[in-house]
Every structure is written in structure tokens, then in C-alpha cells.
Amino acid sequence: MPELPEVQTVVNHLAAKIKGRIFKSAEIKVPKMVSNNFKSAVLSRKVIGIKRRGKMIIIELSGNRYLLVHLKLTGQLIFVDRQGKASGGGHALENGNIDLTRPNKFTRIILNFKDGGRLLFHDLRKFGWMRIVDKLEVDKVIRQLGVEPLSKEFTLKKFIEILKKRPKLKIKQFLLNQELIAGIGNIYADESLFASGILPSRQVKSLKAEEVKKLRQSVIKKLKEAIKFGGTSVNTFVHPSGERGKFMARLKVYQRGGQKCLCCGKILKKIRLGGRGTVYCFKCQK
DNA sequence: GTGTTTGTTATCAA
DNA sequence: CTTGATAACAAACA
């Protein structure tokens with residue numbers, strides 16, 4: 001699941017690869033995954049820059065246009081050069097038996113650059129999408145998202161302020177709400193709550209000042225740590241080079257339901273909260 | 001055939 | 001209008 005650290009990893013890798021390149025053509029295999037007139041809108045545009053907002057990838061193009069990309073659950077962006085190689089440092093580029101550096105049965109969109117390089121958009125479940133928009137639309141999208149947890153705007157004061165907006169929400173559901181705080185998904189919600197010793201089912205208004213402070217620190221720490229390790233490769237997440245993230249070994253609760261808590265040895269509980277799988281330690285989290 | 005995986009949005013109820 | 005809860009979307013895997 002690409003969440004903030006995974007999307008940041010993709011953006012970091014892609015920046016060096018695609019900046020300055022000019023789009024020559026697009027192959028759209030699943031029309032519903034792109035905006036109207038996508039092919040002509042992307043044609044001859046040059047990549048100026050690339051950044052992240054929440055889980056959204058924003059690629060600035062020439063002529064005041066922006067390529068928005070959302071990977072949703074299983075999207076992968078792979079860059080290959082004119083020789084068809086992903087410059088990933090000789091790592092295996094296999095996901096199951098699939099060669100990610102070539103169009104495969106999960107390839108939904110192919111963007112070709114003038115110089116022969118390609119950007120492949122694989123997406124098993126077809127939830128991801130690409131849109132070409134203008135500045136006005138980008139600003140609108142950005143406005144709808146909540147505070148960036150790794151920005152300097154995410155102060156303790158700001159956190160308290162937004163927590164007050166939704167006192168009745170369960171804290172996990174609060175963390176997953178992109179309009180309140182942007183970029184956290186199921187993995188880092190569970191990991192941050194474990195790290196701060198707070199039960200996912202606690203109501204926002206029940207959190208003590210000390211817990212709020214601890215939670216903010218945990219969110220920041222976990223996200224930063226995950227970026228440092230190139231994200232978490234569960235399901236299909238890979239870097240634009242085809243490499244996998246290395247944060248899986250550091251997960252304390254996510255996908256560990258029924259196993260022993262690494263802190264106290266008790267068996268981790270697994271429940272459904274707001275329709276999402278949720279793992280926590282009954283002893284370490286209060 | 002059934003349950004499970006989850007980011008976002010549509011829909012509905014209070 | 002706001003808030004929150006739930007289903008739907010798609011596809012593969014155990």
C-alpha cells in the first residue's frame with residue numbers, strides 16, 4: 001500500500017530520472033484510469049519537477065500543466081531507459097514471475113519519452129489513475145488535503161487544533177482521514193499508535209495531553225524512519241527501479257496479528273475498525 | 001466458493 | 001449543512 005513514505009520514495013527516485021524529459025506518446029490500456037484527452041494533453045510536455053502532497057504525486061509539466069498520479073492500493077511507477085533497463089543497481093526486478101521493466105498483463109498506462117525512456121504504470125487492481133490538470137485544479141486538490149505530517153506546519157499546537165475538529169472519531173480513523181492529516185494509511189496508523197502506546201479504538205477526545213504529544217512524535221518518527229528504509233513493500237509496492245522497500249522487517253504490529261508482541265510477548269490482537277484490518281497489543285497500548 | 005487485502009468516494013442516516 | 005458509518009470499486013491469493 002503506497003502511503004506517504006512509499007510515495008515519497010517514488011518521488012525521490014523519479015525526480016532524478018524524468019526531470020527534463022519530454023513526453024512523446026501515451027498508450028492507454030485502461031481508459032477509465034486517465035482523464036479525458038489524456039494522450040493529447042501529455043503530448044510534447046516537458047517534465048519540470050515532481051513532488052508529493054499526501055499520497056498524491058504531482059508532476060509539473062511545461063505549459064502550466066500538471067500530471068497528477070495516484071497509486072491507490074497496487075499502483076507501481078517504473079522508469080526504464082532507452083535500453084529498457086531500470087537503473088536500480090542490478091537488483092532483481094521480479095514481482096512473482098512478472099518482469100516489471102517490460103509491459104506485462106498488469107500494465108495499464110505507458111508513457112513514452114522522446115529520448116526513448118519510458119514510464120510504466122502497472123496496477124493490478126486498476127484503482128490508480130493519472131490526470132492532466134491546470135494550476136487551478138492542482139491548488140484545489142492540495143487545499144482539500146490536511147496538514148503534511150512531516151512539514152513544519154505540523155506543530156503540537158496544530159495537531160491539537162485539528163484533533164478538536166473531530167472529538168468523536170476513533171483515533172485510528174482520525175489518522176486515516178486525508179482531509180485532516182495527509183498521507184497516513186493503514187500501515188503507519190497502526191505502527192504510530194503502537195509506538196505511542198494508544199489503543200486504535202480510543203476516541204480522540206479521550207486522549208490526554210501527554211498522549212497527544214507522544215502520538216505526534218510517533219507519527220513523525222515512523223514516517224521518517226520508513227522513508228529512510230525506502231518504504232514498506234507489502235503486496236505490490238516497489239521503487240521506480242523495481243527494488244523493494246526495506247521497512248517490513250521493522251514493522252511492529254502491521255500484518256503481525258496473532259504473533260507475539262515484540263515488546264511484551266503477548267499475542268497481538270487483530271480486529272476490524274472502520275472496515276480496516278487493525279492490529280494492536282492489548283498490554284502495551286492503553 | 002469464501003474471506004481477505006485497503007485508498008478513496010458515493011451513499012445514506014442521524 | 002455536518003458528521004459518521006458503510007458499501008462499492010477490482011483482482012488475486014489462500
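Residue numbering restarts at 1 for every chain, and letters A, B, ... go by the order of the sequence lines. Reckoned from all heavy atoms, side chains included, excluding hydrogens, waters and symmetry mates.
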Identify each donor-acceptor pair in which a side-chain atom of residues 59-67 of chain A lies under 3.5 Å from a protein atom, sequence neighbours left out, and give them as a table.
| unit_1 | atom_1 | unit_2 | atom_2 | d |
| --- | --- | --- | --- | --- |
| A:Ser62 | OG | A:Lys46 | N | 2.8 |
| A:Arg65 | NH1 | A:Gly63 | O | 3.4 |

Show me the protein contacts with nucleotides 11-14 of chain C, counting only N or O atoms at under 3.5 Å.
| unit_1 | atom_1 | unit_2 | atom_2 | d |
| --- | --- | --- | --- | --- |
| C:dA11 | OP1 | A:Lys126 | NZ | 2.2 |

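- When hydrophobic side chains of Ile, Leu, Val, Met, Phe, Trp and Tyr are connected at separations under 4.5 Å, A:Val253 ends up clustered with A:Phe194, A:Leu268, A:Val279.
- Between A:Arg21 and A:Asp115 there is a salt bridge, since at least one side-chain N of the basic residue sits less than 4.0 Å from a carboxylate O of the acidic one.
- Remark: DNA chain B forms stems of 3 or more consecutive Watson-Crick or G-U wobble pairs, all pair distances under 3.5 Å, at B:2-5 with C:11-14, B:7-14 with C:2-9.
- Checked by atom type, the side-chain pair A:Thr9/A:His239 shows no donor-acceptor distance below 3.5 Å.
- Panel note: side chain A:Gln285, backbone A:Gly197; no donor-acceptor pair is recorded below 3.5 Å.
- Evaluation of the side-chain hydrogen bond (donor to acceptor under 3.5 Å, both in side chains) rule for A:Lys172 yields A:Asn186, A:Asp190, A:Thr278 as partners, not counting sequence neighbours.
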Collect all protein-nucleotide pairs involving nucleotides 8-12 of chain B in which both atoms are nitrogen or oxygen and the distance is under 3.5 Å.
| unit_1 | atom_1 | unit_2 | atom_2 | d |
| --- | --- | --- | --- | --- |
| B:dT8 | OP1 | A:His70 | NE2 | 2.3 |
| B:dT8 | OP2 | A:Lys55 | NZ | 3.1 |
| B:dT8 | O4 | A:Arg276 | NH2 | 2.6 |

Got a list of protein N/O to nucleotides 1-6 of chain C N/O distances below 3.5 Å?
| unit_1 | atom_1 | unit_2 | atom_2 | d |
| --- | --- | --- | --- | --- |
| C:dG4 | OP2 | A:Arg166 | NE | 2.8 |

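- Following rounding to the nearest Å, A:Glu6 (CD) and B:dT6 (P) show an atom-to-atom distance of 13 Å.
- Panel note: side chain A:Glu191, backbone A:Lys252; a donor-acceptor pair is recorded below 3.5 Å.
- By the side chain to side chain contact (heavy atoms under 4.5 Å, CB included) test, A:Pro149 is found to be paired with A:Leu4, A:Phe154, A:Ile181, A:Val219, A:Leu223, residues two or more places apart in sequence or in another chain being considered.
- Note: CG (A:Asn177) to P (B:dT6) measures 18 Å, nearest angstrom.
- When the C1' atom of B:dT5 is taken as reference, atom CG of A:Leu73 falls 8 Å away, rounded to whole Å.
- Nucleotide B:dT5 holds its C1' atom 18 Å from the CZ atom of A:Arg256, rounded to whole Å.
- Between the CD1 atom of A:Ile187 and the P atom of B:dT6 there is a distance of 8 Å, given to the nearest Å.
- Donor-acceptor pairing under 3.5 Å is recorded for the side chains of A:Tyr188 and A:Thr232.
- Listed by first and then second residue, the side-chain hydrogen bond (donor to acceptor under 3.5 Å, both in side chains) pairs involving residues 135-145 of chain A are A:Arg131-A:Glu137, A:Lys135-A:Asp139 (not counting sequence neighbours).
- Side-chain polar atoms of A:Gln8 and A:Asn12 form a donor-acceptor pair below 3.5 angstrom.
- In this structure, A:Tyr254 reaches the B:dT6 phosphate: one of its side-chain N or O atoms is under 4.0 Å from OP1 or OP2.
- Contacts of A:Glu211 classified as side chain to side chain contact (heavy atoms under 4.5 Å, CB included), with partners at least two apart in sequence or in another chain: A:Ile198, A:Arg202, A:Leu207, A:Lys208.
- In this structure, CD1 of A:Ile181 is placed 15 Å from P of B:dG7, rounded to the nearest angstrom.
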Just distance, no hydrogens or angles: give the donor-acceptor pairs under 3.5 Å from side chains in residues 33-41 of chain A, sequence neighbours left out.
| unit_1 | atom_1 | unit_2 | atom_2 | d |
| --- | --- | --- | --- | --- |
| A:Ser35 | OG | A:Ile132 | N | 3.2 |
| A:Ser40 | OG | A:Asn37 | O | 3.2 |

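- Atom CD of A:Gln255 and atom P of B:dT5 are 9 Å apart (whole Å).
- Taking atom P in both C:dG4 and B:dT6, one finds a spacing of 23 Å when rounded to whole Å.
- Residues that satisfy the side chain to side chain contact (heavy atoms under 4.5 Å, CB included) test with A:Lys221, not counting sequence neighbours, are absent from this structure.
- Atom CG of A:Leu175 and atom C1' of B:dT6 are 16 Å apart (whole Å).
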